[in-house]
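Letters go in sequence order (proteins before strands), and every chain restarts at 1.
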There are 2 protein chains.
Amino acid sequence: MSPRRVTLADVAKIAGVSPTTASLVLSGRGRELRISQDVEQRVLKAAAELQYRPNIVSVGLRTGTTRTIGFVSDTIATSRLAGDMIKGALEAARERGFMLFIGETEGDPELERLLLQAMHDRQVDGLILAAMYTRTIRVPKVMGAAPAVLLNALPKQRSPLPSVLPDEVEAGRRAARVLLDAGHREGIHLVGAGPGRRDVPPGGSVAAVERLIGIREVLGEAGVKVAGGHVCADWQPEYGLAATRALLEGARPRALICFNDRIALGAYQALDDFGLKVPGDVSVVSFDDHPIAAWMRPKLTTVALPHYELGRKAVDVLFAEMGRDGDDAVQEGAVREGEVREGEVHRVPMPVRLRESVAAATP
Amino acid sequence: MSPRRVTLADVAKIAGVSPTTASLVLSGRGRELRISQDVEQRVLKAAAELQYRPNIVSVGLRTGTTRTIGFVSDTIATSRLAGDMIKGALEAARERGFMLFIGETEGDPELERLLLQAMHDRQVDGLILAAMYTRTIRVPKVMGAAPAVLLNALPKQRSPLPSVLPDEVEAGRRAARVLLDAGHREGIHLVGAGPGRRDVPPGGSVAAVERLIGIREVLGEAGVKVAGGHVCADWQPEYGLAATRALLEGARPRALICFNDRIALGAYQALDDFGLKVPGDVSVVSFDDHPIAAWMRPKLTTVALPHYELGRKAVDVLFAEMGRDGDDAVQEGAVREGEVREGEVHRVPMPVRLRESVAAATP
DNA sequence: TCGCATTGCTAATCCGATTTAGCAAACCGA
DNA sequence: TCGGTTTGCTAAATCGGATTAGCAATGCGA
């Protein structure tokens, strides 16, 4: 059926040279090893004629490099978030001639181990371990066999792995600035977390903690006092609805900072129930840029999770990591024996999507 | 840094046997080739102690099989549709110990060729070529080097490749039956396509044509006449809104069959504008089960695209295809010389998601 | 004309498994 | 006791390249 692959030996035979010579020419080392122009041309011509393509499996066996990266995430099907992350990683990898193995653990550590094993068995050159929602994860021991990067996750224990994360603190600052820029200084309520530094949902949500820090920092510096805050146990629309209802029974907010778009969806409904218009009566700013944000009426102004960029960045960092492999930790200098090097943390900016849910404050 | 991989040779040495024997035992062929119990146990024990894992790259070189399949789609980041498809494929593959290479062409034929090449270079055992929206595609020549399956796509030219598609005709029937079962026989309007068999949007949407066939078939058999139909050039909310508005200016529908959920979203808005309640005044049934469907109020009853199942099925079909490789087309009997075998078309059922947008007809 | 570089290419080995061919020892019947 | 089986294992080839070591031919100075 399929006509046997063209091999280097075929090219060599057609060109009338040894496989060694053909290999040398095709790997570009012909010049430095003084292969004559004539021979070089013959090999190149033969390779082109036969449409020769090196067998990466073979190269992988010999050189140990398969031009392949493993991408393991806890889940990829939930919303399109993961899709964008993978897309970013895919493109960045492809630009360097690398392919991606995709794996999904569904949060099962055993499955995770199996997947990492399977990838290791296939000699991946590097690994990306990704979480769909920013959180701390336990780094499996299997890692460390190859260069690796944590994506959207921080190591639970001290680990030398670098990580790539959205810049949530700065996102908090930006959300707050959106309101300040529109002139809001009174009646700003937080929905999802706050108002105090410690008022975050249980479960140690990285996003909650960091967004809150950024928000409080900017509002504090501007001398603006947060009018109120409501922690939501779960960041789902129904909780946003309930929290906003409760809020509206005791106050007349002028602006809401919702901690994510699903909460904002619930808040919209509560505002509607109370006959309040967005953004005329109440401005709303939120986080994530969940697909729903652009569907809502009025369209929601939100600080976007840069999934695509996160994926790209992870690959960039991974390549840097792969480059550093030969020159082992020794020359890292400051790192002492037995001390675990701390992985660098890379923050990817979260852009503001200005839409229709914020209006200028009426004095 | 990383302690060199454990190889078969290591296991053999520890067990005190030759690599050949170790290989025989570990591949399960020890029995038939009369390896003694004693030796078998020693090898097994050594392998377990060393945590030996065969290097798949090496096996790939020797046997030509890499336990890997390539999944190439036009885009994966748009909505979570693709995510589910990949998830299904991923799980089905993993169950057989296979991994997936993911690639994305963004509709660029050159990129597609490059990706298929790259996968071929890595000796994938099979390929899945997927489209995000059901359509006909031109099958690149590069295919055919390995067993392959079309997913959510039909070949533009005659091709021996099997394809896996959602059963849209039956979906059309089901949507119509949802309304019939609720007692609707009057005032049923179609939004997106229809009412005539030929009234479909330009671009040759497979879904439009087939859904319409199913709808017309069931309504026709029940002796129910379609009250009206509106083709939408693009199946987006704004088109659904416009079409439904136009409809409402001249008629009082009792039920709407929207050709997808985004159209239904627009229709909801138009109905609201005219002061009509869903489902009290007008029942709505739709297609796709886009994530938005569960967010809409009232929740939308829709016939779901079974992305996850499509992904799984594609892998199943691919494995069947891979199984048939040795026994070439010859014994297919009826296929004559030079005649291209037609690929089988597999239809995956589309389940109805009964939610809140359909009410019993009031006589 | 000899010795030594330099030029230009190739033979041989290796990566880590699978697979084919085959060998030594034990056994068996005549 | 000898030829032929059977038993139980191993040497060697193979997959398709990369890499190391080395070889023949030419050039050049002394």
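Among the protein residues, B:Leu8 comes within range of the nucleic acid bases, having at least one heavy atom under 4.0 Å from a base atom. Among the protein residues, A:Thr21 comes within range of the nucleic acid bases, having at least one heavy atom under 4.0 Å from a base atom. Across all strands shown, A:Ser23 has heavy atoms under 4.0 Å from base atoms, whether or not it also approaches the sugar-phosphate. Residue-level contact check: B:Thr20 touches the bases, meaning some heavy atom is under 4.0 Å from a base atom.
Protein atom CD of B:Gln123 is 17 Å distant from nucleotide atom P of C:dA17, rounded to whole Å. The separation between A:Leu61 atom CG and C:dC14 atom P is 13 Å, rounded to whole Å. B:Leu26 places its CG atom 11 Å from the C1' atom of C:dA17, with the value rounded to the nearest Å.
Side-chain N or O atoms of B:Arg42 include one that pairs as donor or acceptor with a backbone N or O of B:Ala15 at under 3.5 Å. Without hydrogens or angle criteria, B:Arg67 side chain to A:Ala118 main chain gives no donor-acceptor distance under 3.5 Å. Side chain of A:Ser163 to backbone of A:Leu154: no donor-acceptor contact under 3.5 angstrom is found.
A heavy atom closer than 4.0 Å to some atom of DNA chain C occurs in no member of residues 53-60 of chain A. A heavy atom lying under 4.0 Å from DNA chain D marks the following residues of residues 33-46 of chain B, by number: B:Arg34, B:Ile35, B:Ser36, B:Val39.
Closest to the side chain of A:Val17, out of C:dG16, C:dT10, C:dC14, is C:dT10.
Where DNA chain D meets chain A (any atom under 4.0 Å from a heavy atom), the bounding nucleotides read 5' to 3' are D:dG16 to D:dT20.
Nearest heavy atoms, A:Glu91 versus A:Arg312: CB-NH1, 3.8 Å. Across every non-hydrogen atom of A:Met322 and A:Asp125, the tightest pair is CG-O, 3.6 Å. Between B:Pro140 and B:Leu116, the closest heavy-atom pair is CG-CD1, 3.5 Å.
More than 12 heavy-atom neighbours from other residues, nucleotides or ligands sit within 6.0 angstrom of CD on A:Gln157.
Salt bridge status for A:Arg135 with A:Asp74: present, with a side-chain N to carboxylate O gap under 4.0 Å. Note on A:Glu40 versus A:Arg31: salt bridge recorded, some NZ/NE/NH1/NH2 to OD/OE distance being below 4.0 Å.
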B:Leu8 and B:Leu26: side-chain contact (heavy atoms from CB on, under 4.5 Å), yes or no, with the steps?
CA-CA 9 Å; B:Leu8 184 61; B:Leu26 293 172; 3.7 Å; yes

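Residue B:Tyr52 has a polar side-chain atom (N or O) positioned under 4.0 Å from OP1 or OP2 of C:dA17.
DNA chain D is contacted by both B:Arg62 and B:Ala22; B:Ala22 maps to the nucleotide lying nearer its 5′ end (nearest heavy atom per residue).
Below 30°, between 30° and 60°, or above 60°: for A:Phe101 and B:Phe101 the angle between ring planes is below 30°, a parallel geometry.
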